[in-house]
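Every chain is numbered from 1 and lettered A, B, ... according to where its sequence line falls, protein lines coming before strand lines.
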Amino acid sequence: MQPFIDQIISECEILQGLPLWFSYLIFQLIFCGIIFVFVAVFAMLAGYAERRVAGRIQSRIGPNRVGPQGILQSLADGIKVFLKEDIIPTHADHILFRLAPYFIFIGMFLSFVAIPFSSQWVIADLDIGIFYLLAVESLVVIGIVMSGWASNNKWSLLGGMRSAAQIVSYEVPVALTILLVVMYSGTMSIQGIIMAQGAAPWNWNIFQTPFLFVAFFPLFMGSLAEGNRMPFDMPEAESELVSGYNTEYSGFRFVIFFFAEFSNLYLIGALATVLFFGGWQAGPLPDFVNGLLGIETPLSAAIVKNLVELCVFMFKSLCLVFIVIQLRWTLPRVRVDQLMNICWKYLVPVAFFNLVVMGIWMVVVPEYVTDIVALCMTACGVLLLGYFFYRVAWQLKNTKARLRFNPLS
Amino acid sequence: MNEKDIITLIKTQFASAKLEWVEAPSGDNYLVVPSEALRDVVKYIKETEALYFDYLVNLSAFDATEHIEVTYHFYSYTHRHKLVLKVKAVRLNGEVPTITDLYGTANFQEREVFDLLGVRFASHPNLARILLPPDFKGHPLLKDYQEEAQYNGIETTRASLL
Amino acid sequence: MTESNQPEKVFKTEEMVLNMGPQHPSTHGVLRFELTTDGEVMTKAVPDIGYLHRGIEKLAETVGYVGFMPYTDRIDYVSAMTANQGYAMAVEKLAGIEVTRRAELLRCTASELNRISSHLVGVGSFGLDMGASTPFVHALRERETINDLLESLCGARLTYNYVRIGGVSHDLPTGFIDKAMVFLNHFEPIVGELNRLLSDNKIFIERLANIGVISKEDAINYGLVGPNLRGSGVKFDVRRDEPYSVYPELDFNIPVGLGKAGTLGDCFDRYYVRVEEMRESAKIVRQCLLKLKDLPEGDIMGKVPRKIKPPKGEVLVKVESSRGEMAYWIVSDGSDNPLRLHCRTGSFTSMGIIEKLSRGMMIADLVALIGSFDIVAPEVDR
Amino acid sequence: MRERHPRSVNFEIPRYILFMTYFSNIKTAVSTVFEGMTITFSHLLREPMTIQYPDRTPLPVKDTLPPRYRGFLCVRPEICTACTLCQKTCPIDCIVIEHSKDEELKQRVMTRFDIDMAKCMFCGLCTEQCSTGAIYFTNEFEASTSNIKDLVFKFIKQGEKVIPYKIPRKKKPAAAAAETQAAAKEKKE
């Protein structure tokens, strides 16, 4: 962020009169505000998108009445929930009950500090950014256990306990996979990891070696579990625990849970994009756009460049968010002991195996071989995607379904 | 095995007990068993190779004003034949031996009969009301049952809109 | 170090009593379970039923034989047609009323369509219990077409009251056979899709395999019926083994549990029997429709006396409802009203085995167990 | 130590099979999840089933209902014979008919024909009993109201007297019903 602010200051004469620390402070605050608004708006839109996608998957339409195509549905729901009475159960632990939602939200929000949106737009490009992310996300579990305990409801307590076990366990495969990527990229800085990759798919981490490809799954499943998403949404399993840790919450506090859940959706996508899908790397695209628009001043050029990178990053993350949403409406829920089995018997060994083999690979295999393997892996990825769409077509043909491609109806 | 053979088999086995075979003009025929002999008869028809009534289709009762007729319908999955047994119980807290230990399904059905008709099943593991709330008074399927005007302070009847 | 001399502190835990229901989302209506749990593992689950007890059996003693027909819809609202049919058959047997062939075929068609729709609800909501919400909506989508068909046949979508003592209330509406055929052609691949989406899913199978295993002997002893019994490997179906209506002429298989996922008689077997039964029912409907097409127009009501007064006697009639064998026991004293009418339902008997099975299960498994029995709460309480 | 509750079934499985199942488990899990994803994705391209009741249906829902649809009950008092069969058949007694000998007109008149639609369970037994088709089902079904008394339908106004219809003799009932209905139409017009 600092180079970008420096650039703005050098361009703007008004700011040059101010002390440098003051300008920095102002800009940081502005960007934090932007991030805050982004989180809020994203949570709202993600809630809407989830319901629309779920609707179409289930042969329904989804919300389409509030605002154009129902886009304001989440807002309307939010207002409605705000107007609800804020109930705290009589025998609840009042202080913890009130505190818990903020813990969860702060844990979520602090992660956004280190998530980059483009090459220059990141609040803080920490040298140990990935480490910071892991640390901050763990704050959420405290909030969930707190809310489960404080509710004085046995079902909530079960939800809180499940979540504690789950999130703590899944930290392990996630951390191991992140370690693998850190090892491969040689840096712990998030921007560094992105810069170690390239814009083309065969330069992405995921297609570098088969092991990195496999390593993607522990990370993805781990972050699903940490975000309480569908196949692993033990803490709020509605057919077992009614609603888990947030059963007793209402009103504003419930909205905060909702925000945290959906902003976490973005974090899942963003983390995977950063680590495996080349982050904001856009290659020659920004220069091309600049050329197209005929922009000459360095500040405007920088803004356009960042915007293009932002779009690329958002596109990749949102694709992953879409997959997360689709998974939710595809899969049944695993049982709580199976959840632990998956983590300790499958993901952790796989992550360890990858770590070791990848270490050997990096020492033994020369670089040109890695390049060839990367190309082959990319081809495999494309084939897999092709097979996916072939199966989709087969499903449509098999059931002789009537088609409608318009996503808005 | 047809009905006649089953009955002769049972009757020869329990010659001393007063078994009464009733051939109804319409519907099912049944065997009336005195309540003392019920457990032995049921045990016999369940465990005898030739009969092997392994399935208790239905256990129910009705109020025949002078007594309550507890009726057992048995079916055999192996031989595909059936048998109806009847026990006459005294009205109001009459006792009938339980067959819960022989047929698992009898547990709930006996509780239902107790709940609705007030037949006590001796040595039933948990003879509590099942369909009605525990504080309910009376046994509604008895013919002389009168609904109380109030249940826990709630009116039991509502004025008709007409 | 004074502490080391003291005996090691025993970490004491208590069992927790959990109240599941009556408004719990996965108890399929209003049921309540009292769970004693040790963390996630249960030591006991005691069903508490009766929240939907409406005294239908008592009502039967006052409304008369004809007037009770609409109440049978309410015994099992998911599969009202079979409940209708069972009651009508019981009264017909008691009063000696003959039913015309056309009426039998119509009953059979309607019942089997209803069985498909009931199993769709059962299978779909079972998926919902397991956390898969999409198959549920897909199942209900298909059920909607059946509802439309039955609505055009008898005028109602859920509480049909279609079968009458001695016949049925309406003949086929125009275009029914074609519409039903179109539906069946569309439906059969959909079952395949449902299987690919849900039944084959590894997570789903893992959730159900080896859970709630009921042996053959237990299933019979506890009086499980229908798909639950067949899930334990007992090949018994009232339609085949004590034939009624037109079933003897029809060609259909009786699917039984094979222990495909794990042990014979586990939750997956009970679930899968239902999926297979939908296919079989579709086959039956197809045959019935073809027979109806060939059959000339005829009476749909047999000769019924103006006032139905069965002679003194009692009768127990079994019918294969969607939730298994449904037994109507009617005692007549020769008057207008039955002296006693009892309805032994599949859901009621399957509640009895839950306490026995629940020991050592997890809470999520209990949800699977209840779902695999396909319990409909009003049928439990009546 | 507390007693641990065993899981429902314990298997003794050889180690090498366990090792193989480890990979086959991963394989089936991945392939079935993939298959499920293709199905849900294919549904994004399919036509939704939703009927956007009430305002966005191509036709009013009332008009799309089949002719046998059992909606609200309706009565044509002008062809009612006051036989009270419907009242007797109704299992829940939601129909009330009052008829008496009128002194002025020197004949039987109906003074009341009420149906409690809030109580009615739409079983259709009453319509089947009616020999003239005076009581019949309509396609109306939207019953929500803020006052339950609005659901008591009165087909004869208070104080009004309706002379019961007499079926002409020596005619088959079906023909009679058709004729009476035609007569009713004429009356309305």
Side-chain angles (χ1 to χ4, degrees), chain A residues 50-51 53-62 153-159 161-162 165-166 221 229-234 236-244 247 325-342 346 391-392 394-402, chain C residues 16-21 23-28 35 37 39-41 124-142 144 185-194 196-199 201-208 211 361-368 370-371:
Chain A
E50 167 135 39
R51 289 161 74 176
V53 170
R56 282 306 292 270
I57 284 177
Q58 302 184 340
S59 308
R60 298 185 283 117
I61 297 174
N153 176 334
K154 288 167 185 169
W155 296 103
S156 297
L157 182 63
L158 272 179
M161 289 301 157
R162 279 181 173 192
Q166 169 181 336
M221 287 162 79
R229 289 298 297 185
M230 185 45 191
F232 310 116
D233 70 341
M234 287 295 109
E236 46 195 308
E238 82 274 352
S239 65
E240 295 152 28
L241 301 186
V242 189
S243 185
T247 310
I325 289 176
Q326 201 198 339
L327 267 177
R328 171 168 180 183
W329 300 103
T330 306
L331 297 181
R333 185 182 303 117
V334 297
R335 208 197 305 137
V336 65
D337 61 322
Q338 289 167 352
L339 183 88
M340 293 293 151
N341 270 351
I342 291 172
Y346 292 90
R391 284 301 293 176
V392 168
W394 186 86
Q395 304 287 1
L396 289 172
K397 210 178 128 205
N398 180 250
T399 50
K400 301 187 196 76
R402 268 179 296 176
Chain C
M16 179 161 73
V17 178
L18 255 175
N19 176 33
M20 183 171 171
Q23 274 95 13
H24 192 276
S26 58
T27 49
H28 292 226
L35 318 180
T37 66
E40 287 272 347
V41 183
S125 60
F126 191 34
L128 195 64
D129 288 344
M130 298 295 100
S133 36
T134 302
F136 174 68
V137 185
H138 287 184
L140 286 199
R141 180 192 65 207
E142 300 310 318
E144 203 62 19
N185 290 338
H186 157 81
F187 178 68
E188 274 152 8
I190 293 286
V191 178
E193 191 187 83
L194 189 73
R196 290 197 297 280
L197 180 57
L198 188 64
S199 320
N201 192 297
K202 182 73 179 160
I203 298 174
F204 188 69
I205 293 176
E206 285 294 311
R207 280 295 300 276
L208 304 176
I211 297 300
M361 272 190 169
M362 300 183 106
I363 294 173
D365 294 340
L366 180 73
V367 171
I370 301 166

At a heavy-atom separation under 4.5 Å, does [X] approach chain A through its side chain, its backbone, both, or neither?
X      : answer
C/L128 : backbone
C/R207 : both
C/E193 : side chain

Among all residues two or more places apart in sequence or in another chain, which pass the side-chain contact (heavy atoms from CB on, under 4.5 Å) test with A/N398?
A/W394, C/P189, C/R196

Working to the nearest 0.5 angstrom, can you tell me the gap between [X] [atom1] and [Y] [atom2]?
X      : Y      : atom1 : atom2 : answer
C/E206 : A/D337 : CD    : CG    : 10.0 Å
A/R335 : C/I363 : CZ    : CD1   : 12.5 Å
C/I203 : A/F232 : CD1   : CZ    : 6.5 Å

Measure from the side-chain N and O atoms of [X] to the backbone N and O of [Y], and report whether any donor-acceptor pair falls under 3.5 Å.
X      : Y      : answer
C/H138 : A/I57  : yes
A/K154 : C/V17  : yes
C/T134 : A/T330 : no

Step-by-step side chain to side chain contact (heavy atoms under 4.5 Å, CB included) determination, A/L158 to C/L18:
CA-CA 11 Å; A/L158 272 179; C/L18 255 175; 3.9 Å; yes

Please flag which part of A/V336 lies under 4.5 Å from any non-hydrogen atom of chain C: side chain, backbone, both or neither.
side chain

A/Q58 portion near chain C, given a 4.5 angstrom heavy-atom threshold
both

Across all chains, not counting sequence neighbours, the side-chain hydrogen bond (donor to acceptor under 3.5 Å, both in side chains) partners of C/E144 are C/R157

Just give me the residue among C/H24, C/M16, C/E188 that pairs up with chain A most often, heavy atom to heavy atom, under 4.5 Å.
C/H24

Electrostatic pair C/E40-A/R162, nearest N-O below 4.0 angstrom:
yes

